[in-house]
K.L.:
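The structure is given below, and queries will be raised subsequently.
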Amino acid sequence: LAAGPLAGKRILVTSGPTHEPIDPVRYIANRSSGAQGTAIARAMSGMGADVVFVTGPADVAPPEGVQVIKVQSAREMLSAVQGALPADAAIFAAAVADWRVKSESGSKIKKVAGALPTLEFEENPDILATVSKLKTGRPGLVVGFAAETDDVIDHATAKRERKGCDWIVANDVSPETGIMGGSENAVTLISAEGAETWPRMGKQDVANRLAHKVAEALG
Ligand code: C5P
């Protein structure tokens, strides 16, 4: 049996980007590497938690010793998350695509000389908001991320209230920070009690510190 401050706790972690299909060979994606979410799953598991790791197509391999559910699109991620509940805590580190292509083509879209295809979009489900607002079966602690490029704390504080989650881990992903796709992160943890800014450190150190906070909150 697992030992550690999170022993006996079931923790759901989402991670990585999503891929939104255009046709059988093309998709829309984003630059998330999955590094921060993977580090969080590793930290929680290392502290004894029973981790369900729902990941989009990430650059980094999932950690050992966790239950891995691989998905492609935001809709697949939502149903994997719903199927993985209940959980004591849920950490939403995935960079979910905001939009998907409205009508995915079942066959490869042909290149036609002189004509350009037009893509129409529709909104993806917001997985974090959906789980945060569950009337029954809501995890006791729901944590979201906010990648912002300006007014980080203000935007993230508003996001915490809008999404209905308990904590937001906010970070500045302006290109000059090198955080998106890099090995370090500089975050502010926002809760109902206020904001606490952590020094810039490795993504695994951010994950370990977050895991300790989660263990404290779950008691
Ligand atoms: O609204 P925004 O994308 O900035 O919110 C980021 C947070 O919401 C992250 O925790 C992300 O995992 C989550 N999210 C989600 N489903 C979406 C969009 C974002 O779970 N469709």
Side-chain angles (χ1 to χ4, degrees), residues 11-21 27-41 43-44 51-60 62 69-85 87 89-102 121-134 137-139 141-174 177 179-181 185 187-191 195 203 206-207 210-211 213-214:
I11 298 183
L12 172 74
V13 179
T14 72
S15 184
T18 63
H19 285 185
E20 306 300 327
Y27 58 84
I28 290 169
N30 62 64
R31 293 187 195 283
S32 166
S33 64
Q36 187 62 79
T38 300
I40 290 168
M44 302 284 182
V51 174
V52 189
F53 186 62
V54 178
T55 180
D59 295 339
V60 297
I69 305 176
K70 291 188 176 173
V71 300
Q72 298 280 328
S73 67
R75 282 189 291 182
E76 285 171 23
M77 187 173 276
L78 174 62
S79 54
V81 163
Q82 286 167 331
L85 293 177
I91 321 293
F92 292 91
V96 183
D98 292 313
W99 311 284
R100 64 170 173 270
V101 175
K102 195 166 179 181
F121 291 92
E122 63 189 354
E123 223 172 291
N124 266 331
D126 190 313
I127 304 166
L128 170 63
T130 302
V131 171
S132 294
K133 289 170 186 170
L134 283 176
R138 183 191 189 277
L141 180 68
V142 180
V143 182
F145 277 69
E148 308 281 354
T149 55
D150 54 300
D151 299 326
V152 175
I153 295 180
D154 284 356
H155 283 145
T157 301
K159 186 166 291 182
R160 193 189 77 84
E161 284 167 19
R162 192 166 68 241
K163 304 246 188 184
C165 58
D166 301 299
W167 300 351
I168 283 269
V169 181
N171 59 1
D172 186 343
V173 292
S174 302
T177 65
I179 282 172
M180 195 108 182
N185 208 349
V187 311
T188 298
L189 181 65
I190 293 164
S191 68
K203 286 184 176 173
V206 168
L210 182 64
K213 283 268 172 192
V214 168

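Because the structure is predicted, anything quoted here is derived from the model rather than measured. Every number for a ligand or one of its atoms is a count from 1 in the order of the listing. In what follows, residues are counted from 1 in the order of the sequence shown.
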K.L.:
Are E148 and ligand 1 in contact, using a heavy-atom cut-off of under 4.0 Å?
P.N.:
no
K.L.:
Could you tell me the separation between the CD1 atom of I28 and the NE2 atom of H19, rounded to the nearest 0.5 Å?
P.N.:
11.0 Å
K.L.:
I'd like to know if D126 pairs up with K133 as an ion pair, taking the criterion as any Lys NZ or Arg NE/NH1/NH2 lying under 4.0 Å from an Asp or Glu carboxylate oxygen.
P.N.:
no
K.L.:
Does ligand 1 have an atom that lies less than 4.0 angstrom from a heavy atom of D126?
P.N.:
yes
K.L.:
Which of the atoms of ligand 1 are close to P125, meaning less than 4.0 Å from one of its heavy atoms?
P.N.:
16 (N), 17 (C), 21 (N)
K.L.:
May I ask which of A90, A94, A74, G144 has a heavy atom nearer to atom 11 (C) of ligand 1 than the others do?
P.N.:
A94
K.L.:
When you compare ligand 1 with A95, is there at least one nitrogen or oxygen pair between them that comes in under 3.5 angstrom?
P.N.:
no
K.L.:
Heavy-atom contacts under 4.0 Å between N124 and ligand 1: side chain, backbone, both, or neither?
P.N.:
neither
K.L.:
Taking the side chain as everything from C-beta on, heavy atoms only, tell me whether V152 gets closer than 4.5 Å to T188.
P.N.:
no
K.L.:
To the nearest 0.1 Å, how far is atom 20 (O) of ligand 1 from its closest protein heavy atom, and which atom is that?
P.N.:
L128 N, 2.8 Å
K.L.:
Among all protein heavy atoms in this structure, tell me which lies nearest to atom 5 (O) of ligand 1, with the distance rounded to 0.1 Å.
P.N.:
K163 NZ, 3.0 Å
K.L.:
Could you check atom 18 (C) of ligand 1 against the protein and tell me its nearest heavy-atom contact, residue, atom and distance included?
P.N.:
V96 CB, 3.8 Å
K.L.:
Checking a contact table here: which protein heavy atom is nearest atom 9 (C) of ligand 1, and how many Å away?
P.N.:
F145 O, 3.2 Å
K.L.:
Show me which atoms of ligand 1 lie under 4.0 Å from any heavy atom of F92.
P.N.:
9 (C), 10 (O), 11 (C), 12 (O)
K.L.:
Are the side chains of H155 and D150 in contact, using a 4.5 Å heavy-atom criterion?
P.N.:
yes
K.L.:
Is the closest heavy atom of A146 to ligand 1 under 4.0 Å?
P.N.:
no
K.L.:
Can you name the nearest heavy-atom pair linking M44 to V214, along with the distance?
P.N.:
CE-CG2, 3.9 Å
K.L.:
Can you tell me if K159 contacts ligand 1 (heavy atom of the residue under 4.0 Å from the ligand)?
P.N.:
yes
K.L.:
Looking only at N/O atoms, are A97 and ligand 1 under 3.5 Å apart anywhere?
P.N.:
no
